[in-house]
Amino acid sequence: MASIPKLMKGVWIEKTGGTDVLQYREDIPVPEPKEGEVLVKNEFVGINYIDTYFRTGLYPPPTLPYILGREGSGTIASLGPRCPPDLSENTRVVYMATSAYAEYTAVPVNYCIPIPDSISTETAAAACLQGLTALTLIREAHPVQRGDWVLVTAAAGGVGLWLMQLLKSVGARTIATASTPEKRELAKTFGAEVVLEYHEEDREKFVERVLKETGGEGVVAVFDSVGKATFDACLKCVRRKGTMCSFGNASGAVEPLAISRLSAKNIKLLRPTLFNYVATRDEFKHYSNELWDFITKDKMNVNIHEVYPLKDVVRATKDIEGRKTTGKLLLKP
Ligand code: NDP
């Protein structure tokens with residue numbers, strides 16, 4: 001491994017706001033790995049919609065300045081004390097951690113694992129956070145069974161395309177929503193049985209269509225990541241004793257609701273996060289191994305929208321927030 005510089009390129013914010021607060025810099029101090037951490041030299045950094053929430057302040061950044069980014073892949077440049085034996089200098093790894101929009105990231109070992117030889121460094125970064133989100137949703141939030149009708153919003157996005165493939169592979173029947181005909185076509189190619197639009201003016205029609213497709217019953221589970229704009233319509237689509245899983249806020253945070261609304265159909269309501277499904281290294285490894293199998297054995301498609309140079313972070317961010325993208329966006333430091 002080449003020697004580690006003192007300063008690095010990266011993207012940070014000094015205050016929350018629009019894309020104008022994103023600062024690409026070349027003078028950010030390289031972090032030192034502490035006990036139980038490794039320093040990763042990033043080759044690919046994943047963009048996730050959550051990065052937007054930290055930038056806008058929907059989720060308050062824990063410190064300022066704050067380096068955005070939650071996942072990446074690359075090689076280990078150095079190790080802090082007390083790291084597990086499967087991690088050593090030059091090991092190719094994928095990880096989930098904060099401060100990934102940079103050349104180097106200090107990563108807690110709980111969320112850092114070696115990449116199998118059969119998976120490229122690019123694919124690992126593209127698959128990790130969004131693939132694990134989809135996988136834990138269908139295994140834990142609502143353990144999906146063969147034949148279940150399931151509704152997914154933002155179906156052509158990063159998590160969405162994973163849900164399309166995984167739901168198909170477990171034999172579910174998926175109703176997918178996306179905003180454009182091209183996105184809906186893509187969702188179908190990736191496994192959706194029925195595709196619907198869900199613009200504001202069509203929302204009642206959208207509920208009607210879901211009920212009609214499911215013989216008037218509604219779906220066994222909804223996986224909704226759009227949030228504020230779609231929550232109410234989605235709740236109407238859940239069948240008796242079904243599950244409403246709200247796992248994102250792309251259109252804004254869901255308004256508080258009276259829990260008595262759930263009793264009309266005995267609905268189970270969840271608001272899960274991936275990090276609580278893979279809180280231990282064993283859990284992270286377990287689901288990652290399952291994800292690698294889906295890619296290598298089941299040939300699931302890791303759809304990469306574009307690999308942007310790190311300095312083009314504003315363009316990449318405007319693309320995902322402007323609903324112009326499908327699948328995964330990566331940054332290359
Ligand atoms: P996506 O690639 O799915 O991009 C977001 C998509 O949301 C857009 O493409 C768009 O699809 C849709 N959307 C709907 N309304 C809006 C709006 N008002 N503004 C912008 N986009 C909108 O992102 P990710 O795959 O990274 O994440 C998907 C969702 O999953 C996010 O809400 C994210 O927060 C959530 N998530 C939650 C996790 C958890 O642990 N709970 C973990 C990972 C992701 P369209 O144009 O088709 O409507």
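What you see below is based on every heavy atom in this structure, not just the backbone, and it leaves out hydrogens, waters and symmetry mates. Small disclaimer: the values here were computed from a predicted structure and weren't measured. Indexing begins at 1, ligand by ligand and atom by atom, following the structure's order.
In this model, a donor atom of one side chain and an acceptor atom of the other lie less than 3.5 Å apart for Asp319 and Tyr308. Counting only N and O atoms by type, the side chains of Asn42 and Thr105 include a donor and acceptor under 3.5 Å apart. Checking Asp224 against Ser246 by side-chain atom types alone, no donor-acceptor pair falls below 3.5 Å.
Judged as a ring-ring contact (aromatic ring centres under 6.0 Å, His included), the pairs with a partner in residues 226-283 (not counting sequence neighbours) are, in order, Tyr111-Phe275.
Between Tyr53 and Tyr49, the angle of the ring planes goes over 60°, which puts this pair in the perpendicular group of the 30/60° scheme. Between Phe54 and Tyr59, the ring-plane angle classifies as perpendicular under the 30° and 60° cut-offs.
Contact residues for ligand 1 (protein heavy atom closer than 4.0 angstrom to any ligand atom): Asn48, Tyr49, Tyr53, Leu129, Gln130, Thr133, Ala154, Gly157, Gly158, Val159, Ala178, Ser179, Lys183, Tyr198, Ser225, Val226, Phe247, Gly248, Asn249, Ala250, Ser251, Arg271, Pro272, Thr273, Leu274, Ile320, Glu321, Arg323.
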